[in-house]
Amino acid sequence: MTEQKTSLSRRNFLRNAGVTAGTLVITSTLPSFNAVLYAAVKRNTKGPWFGIAIDIEKCIGCGTCAKTCKIENDVPQEPFFFRSWVEQYTIRKDGSLKVESPNGGIDGFKQSVPAEEIEKTFFVPKMCNHCSKSPCVQVCPVGATYETEEGIVLVDEKYCIGCKYCIQACPYGCRYFHPDKHVVDKCTLCFHRVKKGLNPACMDNCPTKARISGDLNDPASEVSKFIRTKNVYVLKPHLNTGSKLYYNALNQEVR
Amino acid sequence: MPLHLKRLLLTGIVIISLFLLLKHALTPESFGQYGHYRGNSMNEIAALPIHFVGNNSCVSCHDTIVSMKSEGYHSDLSCEGCHGAGYKHVGDPKMEQLIKPDSREFCAKCHDINLARPEKAVTQKELKEHHSDQKCVKCHNPHQP
């Protein structure tokens, strides 16, 4: 009884009300957070700040991006190692969802659900989001993976100890364990091409130019225009990863 | 200073100097050059070889085909998207031949009917019915379909 009496005392009530009101006032003055556009804010003051844009309305699911990526970066040919791949999402009329990616889309897609059962279906090309607050970089125990000044997430092959912690940490499933090198491997946004002024191999070879990359610092770049003019969305914005991969016309079902 | 404190101080100095020595020996040379990572690893990745050489490399020899392609529906396509990476072929055009895909399955990757394929983005045919016994390239020139 005495405990309850003290907790309901006038003194405690005033103190708690004061703390609550103060917290509300202070937090309301903090800048608001925009998960989608956050990463597009100018970061690198010395050079480019790379971002990627994928237009789902243009993707025809041919798998050329996944195929060229494997060749350009000597990714093992087995069908479960990918730096870049395509998924087909199919929403059936009964509301159930089917996601498939046979061999990452390299051999093309056969419509596996009968047309009369389909409510909606579309392709979603996936690759590293090159997050500006990468969870994979934060968990590496030896500092072997890092974000460059240009905002590209890379792995130092010589320092990776192959603990695979980053594979678990990546919410987008964009890393794999290289079976021969015994280190973790991932999309480098074709760093070796970008540094020479070329586009990444997947983007150069995309037949419909559904994917582009470029400098987010430059308001005239194609990526910046893409973000300004389309309804862009990033994957899993609630995770606050600072993803720099912007999708046009992304369905909410996509995870 | 009492003896036990002197010993403690000496032990501390030994441990700290050992740590500094080890740190100096184990830290890679280019560490911290750009950030909290080995700067040379970035240069190593940047120096990797390029496999897809780009359409500009094709024009110098295959100018008639490239100009034919530029007038047709396939004008936006990269040569290597169908023919494969050209880095070996550019180095030794006689010995290293590129692939010439002509199967129905290859054309189907883009042109077979699939509801997920946006209608505007690409021409689609029901390939099970559309002259199913013949190769597509018999009627359609892939460079000017």
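Chain naming here is simple, since letters A, B, ... match the order of the sequence lines and numbering starts at 1 in each.
Between chain A and the residues L48(B), I50(B), L77(B), the most heavy-atom pairs under 4.5 angstrom are made by I50(B). Counting heavy-atom pairs under 4.5 Å between each of N73(A), N199(A), D74(A) and chain B puts D74(A) at the top. Contacts with chain B were tallied for K196(A), K195(A), K120(A); K196(A) has the most, counting heavy-atom pairs under 4.5 Å. Of the residues considered (L198(A), T90(A), D107(A), V155(A)), D107(A) shows the highest number of contacts with chain B, using heavy-atom pairs under 4.5 Å. Interface check for chain B: of the options T188(A), V194(A), T68(A), the most heavy-atom pairs under 4.5 Å are formed by T68(A).
Note on ring orientation: taking the six-membered ring where Trp is involved, the planes of Y87(B) and H51(B) are tilted (angle from 30° to 60°). Under the 30°/60° scheme for interplanar angles, the aromatic rings of F82(A) and W85(A) are found to be tilted. Ring planes of Y89(A) and F122(A): parallel class, angle under 30° (limits at 30 and 60°).
With no hydrogens or angles considered, no side-chain donor-acceptor pair links Y37(B) and T148(A) at under 3.5 Å. Under 3.5 Å, the side chains of E100(A) and S112(A) contain a donor-acceptor pair of N or O atoms. Side-chain N/O atoms of E147(A) and S132(A) include no donor and acceptor closer than 3.5 Å.
Taking the six-membered ring for Trp and the full ring otherwise, the centers of Y233(A) and Y246(A) sit at least 6.0 Å from each other. Centroid-to-centroid, the aromatic rings of Y176(A) and F81(A) come within less than 6.0 Å.
Legend: side chain to side chain donor-acceptor pair (under 3.5 Å) pairs involving residues 72-81 of chain B, not counting sequence neighbours, sorted by first then second residue: N205(A)-S78(B).
Heavy-atom distances place the side chain of E44(B), and not its backbone, under 4.5 Å from chain A. For I106(A), the part sitting under 4.5 Å from any heavy atom of chain B is the backbone (N, CA, C, O) and nothing else. Using a 4.5 Å cut-off between heavy atoms, A115(A) contacts chain B through both its backbone and its side chain. Contacts of F106(B) with chain A are made by side-chain atoms alone, with heavy-atom separations under 4.5 Å and no backbone atom involved.
Using a 4.5 Å cut-off between non-hydrogen atoms, no part of residues 127-145 of chain B approaches chain A. Using a 4.5 Å cut-off between non-hydrogen atoms, the part of residues 7-26 of chain B that approaches chain A consists of L26(B).
Atom SG of C79(B) sits about 12.0 Å away from atom CZ of F52(B), to the nearest 0.5 Å.
For D204(A) and R193(A), the salt-bridge test passes: some basic side-chain N is under 4.0 Å from an acidic carboxylate O.
Between P101(B) and H83(B), the closest side-chain pair of non-hydrogen atoms falls below 4.5 Å.
Although no hydrogens or angles enter the test, the distance criterion places a donor-acceptor pair under 3.5 Å between the side chain of K70(A) and the main chain of P76(A).
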Ignoring hydrogens and angles, write down the donor-acceptor pairs under 3.5 Å from the side chains of residues 54-65 of chain A, residues two or more places apart or on other chains.
unit_1, atom_1, unit_2, atom_2, d
D55(A), OD1, E57(A), N, 3.1
D55(A), OD1, N248(A), ND2, 2.8

